[in-house]
Amino acid sequence: MQHWLVKSEPETYSWADLVKDGRTMWDGVRNYQARNNMQQMQPGDLVLFYHSVSEKAIVGIAKVDKAAYPDPTAKDDKGKWVVVDLVPFRDFKEPVTLEQIKKDERLQDIALLRQSRLSVMPLKAEEFDILLALGN
DNA sequence: GCCAACGTTGGC
DNA sequence: GCCAACGTTGGC
C-alpha cells in the first residue's frame with residue numbers, strides 16, 4: 001500500500017466538507033506530475049489531507065475508494081486528466097502544521113517542503129508514520 | 001529547441 | 001499584498 005498527501009484550500013474544499021459529503025471526486029487536477037501520482041493510487045491507499053494557504057496543516061486522513069478514471073470535468077481533453085474518489089477515514093486529533101513539519105529533522109525530504117506547489121504527492125511510509133504520530 | 005512573457009500556487 | 005517557484009505558451 002502506498003501513502004499520499006493531497007492539498008486543498010479549505011475555502012475551496014475542506015476536510016469538513018469531505019466528512020460531511022462522505023465521499024468526493026478529486027477533480028480539477030491540471031498538473032502532469034500530480035496526475036501521474038493520482039494514476040498510481042489504489043483503493044485502500046491512505047491520503048493525508050492538507051489545508052493550504054489559510055491553515056497550512058494536515059487535518060485528516062482520507063482513503064482512496066476508487067482508482068483513477070477520466071475526469072468528467074475536463075472538457076476539451078477528456079482522457080488526459082483523471083480523478084480518484086476519496087472517502088474520509090479518520091480525523092487528526094491535532095492538526096500537524098507546516099511549521100512543525102519544517103522543524104522536524106526526519107521530515108526534511110518530504111515533497112511538501114521540497115516542491116511546495118505540487119498538489120498531489122507520494123509520502124514515504126516512514127514519513128506517513130511520523131506525521132500520523134504527530135497528529136495523534 | 002530556446003527563452004521571454006505570463007499565469008498560478010502558496011508561503012510569508 | 002508581495003514575491004519566489006514553477007508550469008505553460010508562443011515567438012523566433
Side-chain angles (χ1 to χ4, degrees):
Chain A
M1 183 174 74
Q2 297 186 86
H3 302 96
W4 309 95
L5 183 147
V6 297
K7 292 193 207 172
S8 183
E9 294 194 33
E11 290 76 15
T12 305
Y13 193 83
S14 69
W15 171 249
D17 291 329
L18 178 57
V19 170
K20 173 168 59 75
D21 294 346
R23 155 192 282 264
T24 195
M25 185 177 73
W26 204 253
D27 63 5
V29 171
R30 296 292 180 273
N31 170 284
Y32 289 108
Q33 206 180 341
R35 182 206 62 182
N36 293 344
N37 289 332
M38 284 170 73
Q39 285 173 331
Q40 304 294 315
M41 290 184 179
Q42 293 299 322
D45 283 359
L46 295 178
V47 182
L48 297 185
F49 198 103
Y50 176 81
H51 278 168
S52 64
V53 183
S54 56
E55 197 176 345
K56 284 170 285 183
I58 299 169
V59 291
I61 312 169
K63 183 154 70 169
V64 177
D65 196 57
K66 188 175 175 188
Y69 59 100
D71 187 341
T73 70
K75 293 210 170 62
D76 293 338
D77 27 40
K78 279 214 194 313
K80 190 170 170 185
W81 303 111
V82 300
V83 297
V84 295
D85 285 356
L86 297 180
V87 296
F89 179 64
R90 196 139 64 76
D91 284 302
F92 264 26
K93 285 197 188 112
E94 294 291 335
V96 175
T97 65
L98 182 63
E99 194 182 1
Q100 278 177 276
I101 294 168
K102 283 186 163 177
K103 278 198 222 151
D104 197 308
E105 289 175 5
R106 300 166 298 172
L107 296 173
Q108 294 307 300
D109 277 339
I110 196 172
L112 187 69
L113 297 184
R114 301 184 70 88
Q115 224 181 326
S116 66
R117 289 186 52 189
L118 187 60
S119 62
V120 179
M121 64 195 77
L123 290 175
K124 294 176 196 147
E126 56 266 33
E127 291 168 343
F128 180 85
D129 291 342
I130 292 163
L131 291 166
L132 214 63
L134 290 173
N136 282 279

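Computed from a prediction, not measured in an experiment: that's the story for all the values here. A, B, ... follow the sequence lines: proteins, then strands. Residue 1 opens every chain.
- In this structure, A:K124 fails the cation-pi test against A:F128, since its NZ or CZ atom is not both closer than 6.0 Å to the six-membered ring centre and inside 45 degrees of the ring normal.
- Between the CD atom of A:E11 and the P atom of B:dT9 there is a distance of 14 Å, given to the nearest Å.
- Per the geometry, CD belonging to A:Q115 stands 11 Å off P belonging to B:dG10, to the nearest Å.
- With rounding to whole Å, A:R30 atom CZ is found 14 Å from B:dT8 atom C1'.
- Not one side-chain nitrogen or oxygen of A:Y32 sits closer than 4.0 Å to the OP1 or OP2 atom of C:dC6.
- Straight-line distance from the CD1 atom of A:I58 to the P atom of B:dG11: 12 Å, rounded to whole Å.
- The distance between atom CG of A:L118 and atom C1' of B:dT8, rounded to the nearest whole Å, is 14 Å.
- Atom CG in A:N31 sits roughly 12 Å away from atom P in C:dT9 (whole-Å rounding).
- Put simply, CH2 on A:W81 is 12 Å from P on C:dG7, counting in whole angstrom units.
- Residues A:F49 and A:L18 meet the side-chain proximity criterion, which asks for heavy atoms closer than 4.5 Å.
- In this structure, A:K63 does not pair ionically with A:D45, as no charged nitrogen and carboxylate oxygen lie closer than 4.0 Å.
- Rounded to whole Å, atom P of C:dA5 lies 16 Å from atom CG of A:L112.
- Residue-environment remark: CD (A:E94) stays at or below the threshold of 12 foreign heavy atoms within 6.0 Å.
- The nucleotide whose nearest atom lies closest to any side-chain atom of A:R117 is, among B:dG11, B:dT8, C:dG7, B:dT8.
- The phosphate of B:dG10 (OP1 or OP2) has a side-chain N or O of A:K7 nearer than 4.0 angstrom.
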